[in-house]
Amino acid sequence: MLAASLLSGCGTPAEGQEGSSMQGASSDAPAGADHDVSDRVQGSVDDVMQGSMDGEASDQAQESADDGAAENPPILKDAVMEIMGCRIGCAATEGELKDEKVWEIITTHFNAITLGNELKPDAMVGYSVGKCPGTEEAELNGETIVVPKLDYSRAERMLDKIYDWNKAHPDDQILVKGHVLVWHAQTPEWFFHEDYDKNKDYVDKETMNKRLEWYIRTMLTHFTGEESKYKGMFYGWDVVNEACSDGDHVYRTDSENPDEALSEDRHGSNSSWWHIYQSSEYIINAFIYANKYAPADLELYYNDYNECMGSKVGHITELLTEIKSREGEPGTGTRITAMGMQGHYSMDSPKFNDVDYAIRQYAKVVGNVQFSELDLKASADYDGSDEAKETEYKKQYGRYKLIYNVMQTENEAEDIHITGITFWGTVDHYSWLQNSSNVGGGSSGNLPQCPLLFDEHYQIKPAFYAFTEKKLN
């Protein structure tokens with residue numbers, strides 16, 4: 001296990017905790033529900049799939065990769081900007097940024113980065129998830145409240161490295177996405193209880209609203225405020241993460257997984273946010289507070305997984321509609337910039353038309369869509385051998401090419417904007433999918449994965465070229 005460097009995917013907490021949601025599931029969109037993709041996408045998809053099966057397209061990509069190793073490969077961020085007109089990013093942990101080979105990849109090919117773990121609530125309290133690390137007083141709306149002490153050090157070490165790069169390269173800057181303010185999974189259970197002690201009663205909604213507003217204000221002010229060293233470095237922030245249910249109901253509740261106790265220090269499935277509010281009120285409040293304290297140019301997102309699964313598309317769309325309906329001036333209304341489709345997909349699902357359908361449903365509500373945590377889980381028979389890699393890399397190229405074709409096709413629509421693509425990692429061996437996880441990784445921890453654009457030797461893979469090429473017409 002690569003404990004120092006592994007990302008935690010947005011369905012599984014860090015520090016060895018496991019989530020309980022199934023990533024990459026697929027369900028066809030409702031029949032007749034604005035599902036006309038054949039004329040615009042089908043031809044390109046058929047060409048890609050046939051090329052992938054024949055090996056022609058991926059052989060060409062492999063030749064490009066081989067040539068690129070010795071010559072000069074295209075620059076990913078330049079190609080994506082030319083084709084899509086959007087930023088291209090990756091996620092990284094503090095451990096990964098210490099790997100200079102990873103840093104070279106990031107500074108060469110990406111213009112955006114998401115801190116994989118270090119801005120999540122548990123990281124902000126120094127991973128003191130079993131017990132509050134201490135309290136202090138803070139002023140909020142003219143009232144003195146008691147709040148937990150925050151530890152910015154992990155995030156700041158990463159941001160300082162990026163800050164120094166940007167200062168030395170003013171024409172080649174890397175911008176940052178904050179991830180994440182409100183999440184059921186990596187928020188310590190004690191945060192929801194009286195005196196920050198999980199053995200005491202849950203607080204009431206009024207108290208929780210104060211804690212929520214204080215936390216969002218503190219994070220946004222510290223990292224994006226006028227007096228912050230990092231002012232101008234952040235382009236956006238995930239306000240709320242994974243608040244919709246994979247089940248029959250719209251919102252994630254406090255009983256998503258009956259086998260998971262609410263008393264656990266961190267949750268994989270159940271939400272203590274819901275336990276206190278019993279409604280989506282906390283989600284709306286989070287976007288109100290984010291709008292109140294965020295700079296006007298900071299993009300604000302809702303982010304979720306299984307976002308192409310038929311029933312969950314409806315759940316997410318309902319939530320986005322509720323957030324959008326409450327938009328208003330800072331201090332009173334919400335603001336949402338885009339829907340973050342995590343994109344933790346497999347080689348088999350979701351189907352291309354489900355991705356297309358989801359994009360269009362979300363764009364109808366918020367206009368902008370981004371792919372926020374893109375990676376591909378390997379085929380079930382992939383064993384990591386050299387022979388298997390050759391086959392898997394060809395299939396992976398075709399699969400990524402298909403997904404990118406859908407992105408390009410939808411981005412051409414007048415009312416749809418794909419505003420960013422972020423891969424959940426850089427090199428295969430640091431991927432969260434290498435870790436034992438019942439969310440998306442190998443269930444035993446022994447199933448090899450190759451989900452990203454760069455291999456374990458830090459070399460470009462054929463899949464890289466899927467994102468430097470325009471779609472097939």
Side-chain angles (χ1 to χ4, degrees), residues 10 23-24 26 29 33-37 40-41 44-45 80-81 83-91 111-112 114 175 177-180 235-244 283 287 290 298-310 312-325 327 334-345 350-376 400 402-424 466-467 471:
C10 267
Q23 301 278 11
S26 176
D34 191 22
H35 200 50
D36 177 21
V37 299
R40 294 181 297 140
V41 180
S44 295
V45 169
V80 171
M81 181 58 68
I83 295 169
M84 294 286 292
C86 72
R87 65 180 68 91
I88 181 81
C90 62
N111 51 26
T114 300
L175 297 181
K177 186 179 82 166
H179 176 75
V180 53
Y235 68 85
W237 213 294
D238 289 327
V239 178
V240 179
N241 196 49
E242 300 177 1
C244 289
I283 304 171
F287 277 93
L298 185 74
E299 298 177 5
L300 303 176
Y301 314 121
Y302 175 69
N303 194 55
D304 216 327
Y305 69 99
N306 274 353
E307 74 284 355
C308 300
M309 188 173 70
K312 195 164 181 180
V313 173
H315 299 165
I316 294 172
T317 301
E318 183 172 331
L319 173 57
L320 294 177
T321 301
E322 183 177 3
I323 297 169
K324 189 73 175 176
S325 71
E327 280 194 325
T334 62
R335 176 164 65 86
I336 183 169
T337 310
M339 165 63 194
M341 298 176 61
Q342 287 189 14
H344 291 300
Y345 301 152
K351 298 175 182 177
F352 80 91
N353 54 347
D354 290 340
V355 178
D356 181 87
Y357 176 76
I359 291 172
R360 285 182 290 125
Q361 292 304 106
Y362 304 142
K364 282 181 181 179
V365 182
V366 295
N368 300 321
V369 174
Q370 60 181 330
F371 284 78
S372 56
E373 305 183 17
L374 189 59
D375 56 19
L376 285 181
Y400 268 134
L402 182 153
I403 294 169
Y404 197 42
N405 274 15
V406 173
M407 290 185 198
Q408 291 181 58
T409 298
E410 289 306 334
N411 200 46
E412 293 169 354
E414 183 177 352
D415 55 349
I416 299 174
H417 306 285
I418 308 296
T419 59
I421 304 167
T422 294
F423 290 89
W424 204 242
F467 292 89
K471 71 183 180 73

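Since we're looking at a predicted model, the values are computed, not measured. Only heavy atoms go into these numbers, but all of them, side chains included; no hydrogens, no water, no symmetry mates.
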Practice prompt. Please report the C-alpha distance between Y235 and N111 in whole Å, then the side-chain angles of each, then the deciding distance to 0.1 Å, and finally whether the side-chain contact (heavy atoms from CB on, under 4.5 Å) criterion is met.
Written response: CA-CA 11 Å; Y235 68 85; N111 51 26; over 6 Å; no
Worksheet entry | Rounded distance (nearest 0.5 Å) linking atom CG of N368 with atom CG of D415 | 11.0 Å
Worksheet item: Is there a donor-acceptor pair under 3.5 Å between the side chain of T334 and the backbone N or O of I323?
Response: yes
Practice prompt. Identify the two heavy atoms, one from C86 and one from V80, that lie closest to each other, and give their separation to 0.1 Å.
Written response: O-CG1, 3.7 Å
Practice prompt. Check whether any side-chain heavy atom of M339 sits under 4.5 Å from a side-chain heavy atom of L320, and report yes or no.
Written response: yes
Discussion item. Just so I know, are the side chains of R87 and K177 near enough to count as touching, which here means a heavy-atom distance under 4.5 Å?
Written reply: no
Practice prompt. Keeping the roles fixed (side chain from Y302, backbone from A243), state whether a donor-acceptor pair exists under 3.5 Å.
Written response: yes
Discussion item. Would the distance check show the side chain of H417 and the main-chain N or O of G367 forming a donor-acceptor pair, the cut-off being under 3.5 Å?
Written reply: no
Practice prompt. Show the numbers, then the answer: is there a side-chain contact (heavy atoms from CB on, under 4.5 Å) between V239 and R335?
Written response: CA-CA 10 Å; V239 178; R335 176 164 65 86; over 6 Å; no
Practice prompt. Go through the side-chain N and O atoms of D238 and H179 and say whether any donor and acceptor fall under 3.5 Å apart.
Written response: yes
Item to complete: Determine whether the side chains of S372 and N303 contain a donor N or O and an acceptor N or O closer than 3.5 Å.
Response: yes
Worksheet, complete the sentence: Rounding to 0.5 Å, atoms CZ (F287) and OG1 (T337) come to a distance of 8.5 Å
Worksheet item: Counting only N and O atoms by type, is there a donor-acceptor contact under 3.5 Å from the side chain of E307 to the main-chain atoms of G343?
Response: yes
Worksheet entry | Closest heavy-atom pair and its distance - V313, A358 | CG2-CB, 4.2 Å
Practice prompt. Determine the interplanar angle of the Y400 and F467 rings, folded into 0 to 90°, and report it as parallel if under 30°, tilted if 30 to 60°, perpendicular if over 60°.
Written response: perpendicular
Discussion item. Are V369 and I418 packed together at the side-chain level, in the sense that at least one heavy-atom pair is separated by less than 4.5 angstrom?
Written reply: yes
Worksheet, complete the sentence: Taken to the nearest 0.5 Å, the spacing of L319 CG from C244 SG works out to 4.5 Å
Practice prompt. Working to the nearest 0.5 Å, report the span between CD1 of I403 and CZ of F352.
Written response: 12.0 Å
Worksheet item: Between NZ of K324 and OG1 of T317, what distance do you get to the nearest 0.5 Å?
Response: 14.0 Å
Practice prompt. Supply the atom-to-atom distance H344 NE2 to L374 CG, rounded to the nearest 0.5 angstrom.
Written response: 9.0 Å
Response to the item:
Correct closest heavy-atom pair for C308 and Y345 would be SG-OH, 3.4 Å
Worksheet item: Would you say V355 and L402 make side-chain contact, with heavy atoms under 4.5 Å?
Response: no
Worksheet item: Should M84 and Y404 be marked as a side-chain contact (heavy atoms from CB on, under 4.5 Å) after you check the CA-CA gap, both sets of side-chain angles, and the distance that decides it?
Response: CA-CA 10 Å; M84 294 286 292; Y404 197 42; 3.3 Å; yes
Fill in: Quiz item: cation-pi between K312 and Y305, 6.0 Å / 45°
yes
Worksheet item: Can you find a pair of side-chain heavy atoms, one from I359 and one from F371, that are under 4.5 Å apart?
Response: yes
